[in-house]
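Shown next, in structure tokens, is the structure this report addresses.
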Amino acid sequence: MNFETLPGFRSFFPENCFLRNYIFKTWRKSAVSYNFQEYDAPTLEPLELYKEKSGEEIVNQLFNFVDKGDRAVALRPEMTPSLARLAGAKANSLKRPIKWFSIGEQFRYERPQKGRLRSFYQFNVDILGEPGVGADAELIGCLVETLKNFGLEQDDFKIRLSDRQLWILFLKHWNVSDAHMTSVLSIMDRMARLKKDKLRSQLNEYFGDDTDSFINSVEGLMAINSESDMLSFFSQLTLSEIHKQLVDDRLSELASLMQLINSMKIGQFVTIDFSIVRGLAYYTGFVFEAFEATGEGRALAGGGRYDDLIGRLSSNAMEAVGFAMGDVTLLDLLESKKKLPEYSQNPDVMILFSEDEARDCALADAQFLRSSGIKVDYPLKRVNFSKLFKEANQRGVPFVLIYGNEEIEKGLVKLKDFQTGEEYLIDRNERELLEKLKSLL
RNA sequence: GUGGAUGUAGCUCAGUUGGUUAGAGCAUCGGUUUGUGGUACCGAGGGCCGCGGGUUCGAGUCCCGUCUUCCACCCCA
């Protein structure tokens, strides 16, 4: 029999595991530097948890089955519902704001494609229980910091910032009813990807003869990239007094958010861009996505404010804002930008010894060096010296320790630096050996 | 779920109008007389030619199906 990895799943050979660990380490470091606390939740959850949030259709895209106790269960496709349950359960006793993050494997039953697999890892960062824009700014800051920690710079990525509430007010100006709001927003989210005639026919249902002028107006909105243009755009709209007030409130919220972002010195990474809508119905405020700077490829990360969701999934309502970043798109980007660290399976020191007494000395010293945190390796079977020299050289091992009969008789050990070719004779004494090595490594 | 392309050694690929035992480079392992360097030379292992059927005296090669991977839709929490 010949078994293959299931479609959309990955096997992690050591070099892949190394990269995965690098990504996890960098994610964790970034979140911890903002004092987010790490949590985790079960990989397998009740199917209902996801139906509740996303409706019946979601089941098509889940790994779900009935377990031996007749429970309908699903491998988690995302973290947010679990987070809502965890936080909701303890909401009254947790100190606000709640700053949590997690790193975990997620599963989606979809056709695999580049940048999109059936199993992937996701970094989720959320702030719960804080309604103010300070939380939104903190998350955008953490997102920028995370990408920077991967060695990405201003030329490499951009955060596009938009606002669902302004979008809704803009659509109200076009007399979109509350009942149609979600559907129209979802078309707006896909607008850049849709062909013009398809877009027009989809919008025609809602705008009729006004479709073309609506599209025109939307294109104007999506082209805006500064606060001042935003102000003049919305001042031209005809809105009721109440809606006008709401627009003003929202614009000043946006101004406060941008001010915080500038104070954090990350303004150069963030642009206002209303082509970001986010397909999900549950977003209630500012939304943002991180993209490769030229806009190519899938979003690296996405997030926003979802103040109503936790109340729907638990008995305690709580404001929330968060973002998620997947490992697949990130790996593709880091690889194309040559920002991935190099994998090496070399030890710091390779030990070479002859038989008997020399071997006893060598193994004893090896154990000591290992317990001191030095990566030590030696051949498990007898090999001749010239072979090992050759191998150490080919692999790029930086140091070789030689325990030959010549050295042992004199109570010495020879250390060879492969970079310089220099050799040192050292007294066979654990501490001296360690110090010499540490000074060279 | 729909449409298109793809598949030969661990990797990158050859393989003639269908014709003996399917090849190369890289990688791996061993050796070039047992204590010193990336080169060089010699050698070895490694293939259900994605899988299953069909046509044929004969299929890696032609036909059908299926799966994988990739691309475009769909979707994107």
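So that the names make sense, note that chain A is the first sequence line, chain B the second, and so on, each numbered from 1.
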Could you measure between the two P atoms, the one in B/G50 and the one in B/G15, and give it in whole Å? 15 Å
Is the ring pair A/Tyr343/A/Phe18 parallel, tilted or perpendicular, if the boundaries are 30 and 60 degrees? tilted
Ignoring hydrogens and geometry, is there a side-chain-to-backbone donor-acceptor pair from A/Arg370 to A/Val376 under 3.5 Å? yes
From CG of A/Leu388 over to P of B/G31, roughly how many Å is that when rounded to an integer? 13 Å
Ring geometry between A/Phe170 and A/Trp167 (parallel below 30°, tilted from 30 to 60°, perpendicular above 60°): perpendicular
Could you check A/Tyr403 against A/Arg108 and say which one's nearest nucleotide on RNA chain B is further toward the 5' end? A/Tyr403
Anything under 30° is parallel, anything over 60° is perpendicular, the rest tilted; go ahead and classify A/Phe214 against A/Phe207. parallel
Atom CZ of A/Phe63 and atom P of B/A77 are separated, to the nearest Å, by 19 Å
Can you check the distance between B/G46 and B/U28, where both ends of the measurement are the C1' atom (answer in whole Å)? 9 Å
In this structure, which stretches of RNA chain B are paired as stems of three or more consecutive Watson-Crick or G-U pairs, both distances less than 3.5 Å? B:1-5 with B:69-73, B:10-13 with B:23-26, B:28-32 with B:40-44, B:50-54 with B:62-66
Compare side-chain N and O positions of A/Lys387 against OP1 and OP2 of B/G35 and report whether any pair is under 4.0 Å apart. no
Does A/Lys381 make a side-chain N or O approach to OP1 or OP2 of B/G30 shorter than 4.0 Å? yes
Rounded to the nearest Å, what distance is computed from the CD atom of residue A/Gln122 to the C1' atom of nucleotide B/C76? 11 Å
Spell out, as yes or no, whether a donor-acceptor pair under 3.5 Å connects the side chain of A/Ser314 to the backbone of A/Asn316. yes
Nearest-angstrom distance, C1' atom, B/G30 to B/U68: 36 Å
Using atom P in both nucleotides, what's the gap between B/C57 and B/G52 to the nearest angstrom? 23 Å
With heavy atoms under 4.0 Å as the rule, sort A/Gly302 into base, sugar-phosphate or nothing. nothing
Can you tell me which residue pairs pass the side-chain hydrogen bond (donor to acceptor under 3.5 Å, both in side chains) test with a partner in residues 388-403 of chain A, sequence neighbours excluded? A/Asn346-A/Arg395, A/Asp365-A/Tyr403, A/Glu391-A/Arg395
Let me know the distance between CZ of A/Phe389 and P of B/U34, rounded to the nearest Å. 15 Å
Ring geometry between A/Phe269 and A/Phe157 (parallel below 30°, tilted from 30 to 60°, perpendicular above 60°): parallel
Heavy-atom contacts, protein to nucleotides 38-43 of chain B, under 4.0 Å, summarised as B (base), S (sugar-phosphate only) or - (none) per nt, yield BSB---
Could one point to a donor on the side chain of A/Gln61 or the base of B/A77 with an acceptor on the other under 3.5 Å away? yes
Tell me what A/Asn405 touches on the nucleic acid: a base, only sugar-phosphate, or nothing, going by heavy atoms under 4.0 Å. base
How long is the gap from CG on A/Asn124 to CD on A/Glu78, to the nearest 0.5 Å? 8.5 Å
Rounded to whole Å, the CE-P distance (A/Met350 to B/G37) equals 16 Å
When rounded to the nearest Å, what value does the distance between C1' atoms of B/A59 and B/U20 take? 14 Å
Using a distance-only criterion (donor-acceptor N/O pair, under 3.5 Å, no hydrogens), is the base of B/G35 paired with the side chain of A/Glu407? yes
Check: protein-nucleotides 67-74 of chain B nitrogen or oxygen pairs below 3.5 Å:
unit_1: B/U69; atom_1: OP1; unit_2: A/Gly8; atom_2: N; d: 3.2
unit_1: B/C71; atom_1: OP2; unit_2: A/Lys114; atom_2: N; d: 2.7
unit_1: B/C74; atom_1: OP1; unit_2: A/Lys198; atom_2: NZ; d: 3.3

Nearest 0.5 Å, what's the CG-CG distance between A/Asp163 and A/Leu257? 9.0 Å
Check every strand shown and say whether A/Tyr50 touches a base, only sugar-phosphate, or nothing at a heavy-atom separation below 4.0 Å. nothing
Distance between the P atoms of B/A14 and B/A9, in whole angstroms? 12 Å
To the nearest angstrom, the CZ-C1' distance between A/Arg395 and B/G37 comes to 15 Å
Residue set satisfying salt bridge (Lys or Arg N to Asp or Glu O under 4.0 Å) with A/Arg108, at least two apart, ordered chain then number -> none
A/Gln165 side chain to A/Thr284 backbone, donor-acceptor under 3.5 Å: yes
Is it the case that the side chain of A/Asn16 and the backbone of A/Phe13 share a donor-acceptor pair, with hydrogens and angles ignored and the cut-off at 3.5 Å? yes
Quick one: A/Tyr109 OH to B/G1 C1', roughly how many Å, whole number? 11 Å
For the atom pair CZ (A/Phe353) and CG (A/Leu401), what is the distance rounded to the nearest 0.5 Å? 11.5 Å
Quick one: are the ring centres of A/Phe107 and A/Phe65 less than 6.0 Å apart? no
C1'-based separation of B/U21 from B/C13 [nearest Å]: 22 Å
Nucleotide N/O of nucleotides 25-28 of chain B paired with protein N/O under 3.5 Å:
none

So, does A/Arg164 use its side chain to make a donor-acceptor pair with the main chain of A/Val277 at under 3.5 Å? yes
Nearest-angstrom distance, P atom, B/C42 to B/C26: 12 Å
Could you state the CG-C1' distance from A/Asp189 to B/C76, rounded to the nearest angstrom? 9 Å
Check whether A/Arg160 reaches the backbone of A/Val270 with its side chain - one donor and one acceptor, N or O, closer than 3.5 Å. no
